[in-house]
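Read the structure below first, then the notes.
Chain naming here is simple, since letters A, B, ... match the order of the sequence lines and numbering starts at 1 in each. Source: prediction; values computed, not measured.
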Amino acid sequence: MPRYNPADIEPKWQNFWAEHETFKAPELPTGEKLYVLDMFPYPSGDGLHVGHPEGYTATDITCRFERMRGKSVLHPMGFDAFGLPAEEYAIKTNTPPRVSTEQNIETFTRQLKMLGFSYDWSRVLATTDVEYVRWTQWIFTVMFDTWFDHDQQKGRPIDELPIPGAVKLEGEQAVRLYQDDHRLAFQSDALVNWCPGLGTVLANEEVIDGKSERGGHPVERRPLRQWMLRITDYAGRLEQDLEGLDWSDGIKRMQREWIGRSTGAEVDFYVGRSCAPSNSNFASWKSARATSGFPRKPNDEVLRIYTTRPDTLHGATYMVIAPEHPFVDRLTVDEQKEAVQTYCDQAAAKSDLDRTELAKEKTGVFTGSYAVNPVNGEQVPIWIADYVLISYGTGAIMAVPAHDTRDFEFAKQFDISVIAVVDPGEAEGVDRSAVLAGSECCTEQGVAVNSGEYNGLATAEFKRRIGDDLTEQGTGKQATNYKLRDWLFSRQRFWGEPFPVLHELDDAGNPNGMLRPVDPADLPVDLPHLDDYKPHGRPEPPLGKAPEDWLYPIIDGKRYRRETNTMPQWAGSCWYYLRFIDPTNSTAFVDPEKEKAWMPVDLYIGGAEHAVLHLLYARFWHKVLYDRGYVSTTEPFQRLVNQGMILGEPQYHVTPELLKANEKVLDERGITSVRVESEDKVTHILKRHSGDRIIDLSEDQTEKRQGQFYLAGTEIPLTTRADKMSKSRGNVVNPDEVVREYGADSLRLYEMFMGAFEATKPWSMSGVDGVRKFLSRAWRMIMDEDSEDLVLHTSVQDVAATDEQLRVLHKTIKAVTSDIETLGFNTAIARMMEFVNFFTNQSVRPKIAMEQFVLLLSPFAPHFGEELWSLLGHGDTLSYEPWPRHDDSYLVESTIEIPVQVLGRLRGKIQVAPDISKEDLIAAAKADDKVKPWLEGNPIIKVIVVPGRLVNFVVKVNRDEPKS
RNA sequence: GCCAGAGUGGCGGAAUUGGCAGACGCGCUGGAUUCAAAAUCCAGUGACCGCAAGGUCGUGUGGGUUCAAGUCCCACCUCUGGUACCA
């Protein structure tokens, strides 16, 4: 009695594929190429999550489908294995990170293979592989060797950097320092995100709401010397090139917002040498500027600000500089020194979290000095306030309270005058007179007032005019700014790539500030063995405790100290898609010919959580490699699709109050609960005992009345909600268990059947059961389950198909093919279910139809497909069988059903020939028994006919004579 | 607060873009098979009224456009994600 038994057939075919290297990709594509990539997993200690196989199955279906359509498919897999979580796990389990990482990779590999993905496993890599690290470090040296030429908008070799004569005169050291100052990889002393909980600094992208993305530890601002990558130089191109990419609008928008391009003007306000500049000094400064023009770098005489609204210059009633601004000291008058000092100290002590969450009320302090507004010669007071950030624009602003909400709040707080310079007109929701009187703030565009010669200009025109005027006067210029900050690239942890950089030491053994990249021939710089690599909460990296011979290499008689920071987790994932093309190359990171043949990635699938991290960083590295001639495309990932998140099964929640009030009732029913906290809310998930396990309530323990769920037979209201899978909620689904119980093909099929690929959707174990039943039904459609041996069902015969059978078959081929092309996997499966429902009822099932069906199903359920393909009498794998093609001529039906509406409501249905004429169709509709009564006594005004779809009669209803 | 996306039976979800709402699956009900059960097969299954034929209502809420609205427009509510002094 051979039933469908995945436990037998799945390992069998997995072994077959491995033995025959069925999915080995050619070195170079033969014919049309297709590079399909999954976001490689981070091999955590928990093993694969059911979220992983969702994307992996989607790419696998696409690959298997396209292989059958004759394309050369590259479909690799690897592991992103450096970084914090792996290291934390290693510490927790007290194993060296390399050992625990390798164990985790082994688990992941076993699980991935168990799911039957058609990866070319000969290309597998991990970012922690020494040979991989070598090339990650090599790419870093390329970044180190590159400066960004803003005129050409291109990264160029550092020895092409023009050195100013003055620097040259200072000697070789000065030249080297000047170069270091321009490299894409450089060191900086800026304020960084220091996370004591993790014992490392973090990139801006890794800080969310003032907490670390990993672990949610608080993050504080600290000045520390760190390695940075000059991603801001590429901000313009990173934004622009999004245009040509086939990504979802959502992800593009998120990247655009993160890059945060804005255009406006930089304007110099005269501050002179004294704290209250005089009019005559201002006048002479202004006339000097008219001839000298706007300097690239401002001197001490001016305070340079950035604004997106140069049209509101006349409304600037005060200025603000950030507490960290270099002019704070010299602009502070003696009487204000103490107050300013106190304020700046407070601001420095504030964490990012304090600055944002406690930002309800504006704070600030007056410096006592004034600047002169270049457009009208007015003196305006200069304040210090932490609502201005040192890291954006010039760290200083002109404040226009009438037309900027933040400035308005500040002005109200400190009683500063408000002058309206934009008349918003009679717009809805705007109190025009209040705005003009300065008692309300309006940020909308409008027409200029109180702006001297500019009065009457519309905002856009004003901006253009004043931009030109400022340029001519040498007091300002158009400027573009980005929210994006340079990428903080070093970490004070052990488990990452060591920087291939050496610090030159002087005779006393101290670094002299000179850097030397490690020679490419000496790469990789491997991690040394450390007995203790644990973080200690201080910013000194653990590699500082490395053995002397590692830490202090001697080259050409010179002693160096190695850089002891390590690279962040993101380094390895920035270029892995390139290494997959040529994973064993020992002379280059990728062979140029192969790179050209396979790139770009045609389909990239992964979670949306990488929108501003991995996807931004990888694009940046790719552009640098492109500029330096190492890759042939400007963008790495042509088409990107984000899979939706898979949530746990819905669970029943009650509020803490209800739980307390109903303790007794719940107890009597053997119901227990699990407390969960999310954000600031606390709820309790109701659970019950099953043996010695605690599981979720069953459906019949609840009931729905008037749209509200209650605990069955009680008045206790329940909220039902599907949440992210987490151990604390007890709703994590383990793929191993699913495969054991239902098989890999069922898991794959279910993940695709759950709903739209990009939608968030809840897990349901009975849904897995449903697709498993479908596979069993499909098995029985072809195989005789009652026989002792593996024989075909007697209905499966080598005969021609009937017209109806052909129609069903070709309809299915057509639908499944186009659904796979658009990643509409759920509906493709529904169509195949319909096919099985139809053919199970056929007493004769043409073998050819069964074979075509098996081919259609095989990308979804590959083990099932291979097994039946072989039972249908084929000797080899079906992986390269031609994909079934549909023939439209089989799809035509002899009669079609047309709905007939009267006044837009369905009143009848008629059977007609598909090619019926309009007139005949109307006549047939009128004649229909169900339709007739609705037309009687009501004159037809209009008839709407949509050929092949419907007929709709628009009638004049005669109210006086109701129809009988 | 701002910016996206979503809200469809008891549940997961379909719906060629304005043309028969609820495909497909789960669950449920009834029947067949069985000593019995599991499995399987068949039928039914949005709500309400009706013996029935049939009718009325129905895609978060309220309005609108249209012969026709889940789909388009306006206002609002709820949920999910992103973002948060970026001048």
In B/S/- notation (B base, S sugar-phosphate only, - none; protein heavy atoms under 4.0 Å), nucleotides 37-65 of chain B written 5' to 3' is --SSSS-----------SSSS--------

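- Using cut-offs of 30° and 60° for the angle between ring planes, the A:Trp383 and A:Tyr318 rings count as perpendicular.
- Contact annotation: the side chain of A:Phe953 approaches that of A:Ile922 to within less than 4.5 Å [non-hydrogen atoms, C-beta and beyond].
- Aromatic pair A:Tyr742/A:Tyr750: centroids not less than 6.0 angstrom apart.
- Residue-level contact check: A:Gly770 touches the backbone only, with heavy atoms under 4.0 Å from sugar-phosphate atoms and none from bases.
- Within 4.0 Å of A:Lys761, counting heavy atoms only, lie sugar-phosphate atoms of the nucleic acid but no base atom.
- In this structure, the nucleotide among B:C85, B:G19, B:G81 sitting nearest to the side chain of A:Tyr387 is B:C85.
- Among the protein residues, A:Ser262 comes within range of the sugar-phosphate backbone only, with heavy atoms under 4.0 Å from sugar or phosphate atoms but none that close to a base.
- With sequence neighbours excluded, the residues forming a side chain to side chain contact (heavy atoms under 4.5 Å, CB included) with A:Ala722 are A:Leu647, A:Pro650, A:Pro762, listed by chain and number.
- Computed from coordinates, the A:Lys483 NZ to B:C2 P distance equals 15 Å when rounded to whole Å.
- Rounded to the nearest Å, the gap between the P atom of B:C79 and that of B:A52 is 43 Å.
- Residues A:Val388 and A:Phe410 are not in side-chain contact: their nearest non-hydrogen atoms beyond the backbone lie 4.5 Å or more apart.
- A:Glu834 has its CD atom 10 Å from the P atom of B:A23, to the nearest Å.
- When distances are taken from the side chain of A:Asn952 to each of B:G82, B:C85, B:C67, the shortest belongs to B:C67.
- The existence of a salt bridge linking A:Lys412 and A:Glu409 is excluded, since no basic side-chain nitrogen approaches an acidic carboxylate oxygen closer than 4.0 Å.
- When side chains are defined from C-beta on, A:Lys926 does not count as touching A:Val951, because their heavy atoms never get closer than 4.5 Å.
- Looking only at side-chain heavy atoms (C-beta outward), A:Thr827 and A:Phe825 stay at 4.5 Å or farther from each other.
- Nucleotides B:G64 and B:G54 are separated by 32 Å at their P atoms, to the nearest Å.
- Comparing B:U61 with B:G7, their P atoms are spaced 13 Å from each other, to the whole Å.
- A straight line from NZ of A:Lys252 to P of B:U83 spans 20 Å, rounded to a whole angstrom.
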Carefully, step by step, assess A:Met398 and A:Asp407 under the rule side-chain contact (heavy atoms from CB on, under 4.5 Å).
CA-CA 9 Å; A:Met398 65 163 187; A:Asp407 298 344; over 6 Å; no

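- On a pure distance criterion of 3.5 Å, a polar donor-acceptor pair joins the side chain of A:Lys909 and the base of B:C20.
- Taking the C1' atom of each, B:G1 and B:C72 are spaced 29 Å apart, rounded to whole Å.
- In summary, of the residues considered (A:Ile384, A:Leu389, A:Ile390), a side-chain contact (heavy atoms from CB on, under 4.5 Å) with A:Glu324 occurs for A:Ile390 alone.
- One atom, CG of A:Leu647, and another, P of B:U80, lie 11 Å apart when rounded to the nearest Å.
- One finds a side-chain N or O of A:Asn826 lying less than 4.0 angstrom from the OP1 or OP2 phosphate oxygen of B:A14.
- As rounded to the nearest Å, B:A15 and B:G22 have P atoms that lie 13 Å from one another.
- Using modelled atom types and a 3.5 Å distance limit, the side chains of A:Asp486 and A:Thr232 yield a donor-acceptor pair.
- Residue contacts shown for A:Asp407 are absent, as no nucleic acid heavy atom lies under 4.0 Å away.
- At whole-Å resolution of the value, CD in A:Gln901 and C1' in B:G18 are 12 Å apart.
- For RNA chain B, the stems formed by at least three consecutive Watson-Crick or G-U pairs, with both atom-pair distances below 3.5 Å, span B:1-7 with B:77-83, B:10-12 with B:24-26, B:27-32 with B:40-45, B:46-49 with B:54-57, B:60-64 with B:72-76.
- One C1' atom belongs to B:A69, the other to B:G63, and the distance between them is 14 Å to the nearest Å.
- Of the two residues contacting RNA chain B, namely A:Glu897 and A:Gly393, the nearest-nucleotide position lying further toward the 5' end is that of A:Glu897.
- Taking every side-chain heavy atom of A:Trp258 into account, B:A84 is the closest of B:A84, B:A87, B:C24.
- Where A:Met833 and A:Met645 meet RNA chain B, the nucleotide closest to each residue was compared, and A:Met833 sits on the side nearer the 5' end.
- Here A:Pro650 lies out of heavy-atom contact (under 4.0 Å) with every strand.
- Across all strands shown, A:Thr307 has heavy atoms under 4.0 Å from sugar-phosphate atoms exclusively, and none from any base.
- Between A:Asp928 atom CG and B:C20 atom C1' the separation is 14 Å, expressed in whole Å.
- Here A:Ala611 lies out of heavy-atom contact (under 4.0 Å) with every strand.
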